[in-house]
Amino acid sequence: SGSGTVTVNPLPTASVNSATICAGGSTTLTATTSASSPSYLWNDPSAATTASITLSPASTTTYTVTVTDGLTGCAKSGSGTVTVNPLPTVSVNSPTICAGGSAILTTTTGASTPSYLWSPGGQTTASITVSPVSTATYTVTVTDGTTGCANSGNGTVTVNPLPTVSVNSATVCAGGSATLTATTSALSPSYLWSPGGATTASITVSPASTTTYTVTVTETTTLCANSGSGTVTVNPLPTVSVNSTAICPGGSATLTATTSALSPSYLWSPGGATTASITVSPVSTTTYMVTVTETTTLCANSGSGTVTVNSAPTADAGPAQTVCAGTPGGTAIGGSPTAIGGTGPYTYIWAPATGLDDATVANPTAEIGSTTTYTVTVTDHNGCTANASVVLTVPPLPNIESTTVSGTDVTLVWDSLAGQTYRVQYTTDLTPVVSWTDLTPDVTATGVTTTYTDHAGAATPRFYRIFILCP
């Protein structure tokens, strides 16, 4: 018989570590063996023959290695599993803001126990509030606390520029108006003014005092808005007043403009004068207007004053009269009435006052010894005056120029005053007391000499006298 010996070589031991990675990551699997002279063969896609291999599976995968002992030819397999945990989903909103505004970025993730880290900024919250000066992208890294896997997402904050806005300023005089216009870079602008609420690019305003107007311009394509303002400076009108006065016909008056203007110029109408005061002599009641311009602001205002021309009285000194010197009781002078027109009551001044019983009444009585002209000045309630004169003529005593006797007729010729009545008297005895006899009829003179014939004058001696018959 024979015998044989079967030698049984032990199998080498073979073990492989397992690993857990995040999707997209890699890991190394290493075969551990008791073989003294091992060779390796992995079932990975590359059929690696090294003790260790680095792998990046897309999903959980088990990898097997076969270890052969080169001394015995015995082989043994071992396996390890690479568990692939998914990355957490991460998304961030992307808002649009206007320059100077702020936005909230919020992370949305599938991580069950997430932690956050933002860049730039370093915040660790799910949401952040940012105010970039220009368009900026923000990235958040989310780590799932359960798996340790992290993923990133980003959101972009788009910053739209504010439209530029400017508004002109203006200066007006009180009561005037100004147009304010908004100038903007907005391509599709809308407007809103305050105060007022107007929605046009230009507004016309008439503020009572200096006012600032603000316009908000919105770029309708982005809804971004900006404001600008313009000021309407209101300069006050100068105050203007003019005195009024009254004059008599033919008189003059001075009108003066009083104004608050610091540097005034003047223009009067009617007349066109350019001084603060004017002297006028209107023939009837007239209103004068002055326009005062403040030359520092060119603001102007007007005022007026009226020159009232009072009606003048009319004086009547009465008709001319012929009177005898020393007429008893005197002679009344003045009209009927002495003053009319104007505004009563009247005052009277007669000149000269010589021979008058009262030189301040309308109809004084005059006793004169010679021809006299009296002038009355009438002054009415308004101070307007009128003058009139009257002549009181005292005829001269008649002077017998010649005496002619013819038969019994005696013809007398004397100098006379036409229209005056003369009386001829005679006496035959000049012994005091003389008795005089009238010759009739009385004679009215028609010229500078008058003739009278006494038909019995030469019959007896007679003495004659001639005198004027006073009214």
Side-chain angles (χ1 to χ4, degrees), residues 24 87-111 114-144 149-172 176-234:
L87 300 181
T89 59
V90 180
S91 64
V92 179
N93 61 306
S94 289
T96 298
I97 64 171
C98 299
S102 64
I104 297 175
L105 297 180
T106 300
T107 306
T108 302
T109 181
S115 64
Y116 306 90
L117 181 61
W118 289 88
S119 177
Q123 299 94 328
T124 58
T125 54
S127 296
I128 60 173
T129 299
V130 293
S131 301
V133 296
S134 60
T135 296
T137 297
Y138 295 82
T139 299
V140 63
T141 299
V142 176
T143 300
D144 191 323
C149 293
N151 200 4
S152 297
N154 57 60
T156 299
V157 179
T158 301
V159 180
N160 287 321
L162 301 183
T164 59
V165 181
S166 64
V167 179
N168 61 299
S169 289
T171 299
V172 300
S177 63
T179 297
L180 298 182
T181 299
T183 302
T184 180
S185 61
L187 299 178
S188 180
S190 67
Y191 305 89
L192 182 60
W193 291 86
S194 176
T199 57
T200 53
S202 296
I203 59 173
T204 298
V205 292
S206 299
S209 58
T210 296
T211 302
T212 297
Y213 293 84
T214 299
V215 63
T216 299
V217 176
T218 301
E219 172 62 86
T220 58
T221 57
T222 64
L223 299 183
C224 291
N226 201 3
S227 296
S229 62
T231 298
V232 178
T233 301
V234 180

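All values below come from the heavy atoms of this structure, side chains included, with hydrogens, waters and symmetry mates left out.
Side chain of Ser185 to backbone of Thr164: a donor-acceptor contact under 3.5 angstrom is found.
In this structure the side chain of Tyr213 never reaches within 4.5 angstrom of the side chain of Val167, judged on heavy atoms. Under the 4.5 Å side-chain criterion, counting only non-hydrogen atoms from C-beta, Asn154 is not in contact with Val92. Annotation: side chain of Thr216 is not in contact with side chain of Asn226 (no heavy-atom distance under 4.5 Å). You'll find the side chain of Pro161 stays beyond 4.5 Å of the side chain of Cys224, heavy atoms only. In this structure, the side chains of Ile97 and Pro132 come closer than 4.5 Å at one or more pairs of heavy atoms.
Summarising the geometry of Leu87 relative to Cys149, their closest heavy-atom pair is CD2-CB, 4.1 Å, with the distance given to 0.1 Å. Heavy-atom minimum distance, Ser177 versus Val172: O-CG1, 3.5 Å. Among all heavy-atom pairs drawn from Ala103 and Val157, the shortest one is CB-CG1, 4.2 Å. In plain terms, the two heavy atoms of Thr143 and Ala150 that are nearest each other are OG1-CB, 3.4 Å. Considering every non-hydrogen atom in both Gly153 and Val90, the closest pair reads N-CG1, 3.5 Å.
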Side-chain donor-acceptor pairs of residues 186-200 under 3.5 Å, sequence neighbours excluded:
residue	atom	partner	partner atom	Å
Ser188	OG	Thr220	OG1	2.6
Trp193	NE1	Thr200	O	2.6
Thr200	OG1	Ser202	O	2.6

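The side chain to side chain contact (heavy atoms under 4.5 Å, CB included) with Ser91 is formed by just one residue from the set Thr107, Thr108, Thr106, Val142; it is Thr108.
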Practice prompt. Just do the side chain to side chain contact (heavy atoms under 4.5 Å, CB included) check on Thr211 and Val205 with the steps written out, would you?
Written response: CA-CA 10 Å; Thr211 302; Val205 292; over 6 Å; no
Practice prompt. Decide side chain to side chain contact (heavy atoms under 4.5 Å, CB included) for Thr156 and Thr137; before the verdict, give the C-alpha distance in whole Å, the side-chain angles of both, and the deciding distance to 0.1 Å.
Written response: CA-CA 4 Å; Thr156 299; Thr137 297; 2.9 Å; yes
Item to complete: Just do the side-chain hydrogen bond (donor to acceptor under 3.5 Å, both in side chains) check on Thr158 and Thr135 with the steps written out, would you?
Response: CA-CA 4 Å; Thr158 301; Thr135 296; 4.7 Å; no
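Atoms CG and OG1, from Asn151 and Thr109 in turn, are 8.0 Å apart once rounded to the nearest 0.5 Å. Of the inter-residue distances, the one linking Leu180 atom CG with Ser169 atom OG reads 7.5 Å to the nearest 0.5 angstrom. Here the OG1-CG distance, from Thr221 to Leu223, works out to 8.0 Å after rounding to the nearest 0.5 Å. The OG1 atom of Thr181 sits 5.5 Å away from the CG atom of Asn168 when rounded to the nearest 0.5 Å. For the atom pair CD1 (Ile104) and CD1 (Ile128), the distance works out to 10.5 Å, reported to the nearest 0.5 Å.
With 3.5 Å as the limit, one finds a donor-acceptor pair spanning the side chains of Thr141 and Ser152. At a cut-off of 3.5 Å, with distance as the only test, a side-chain donor of Thr231 or Thr212 sits close to an acceptor on the other residue.
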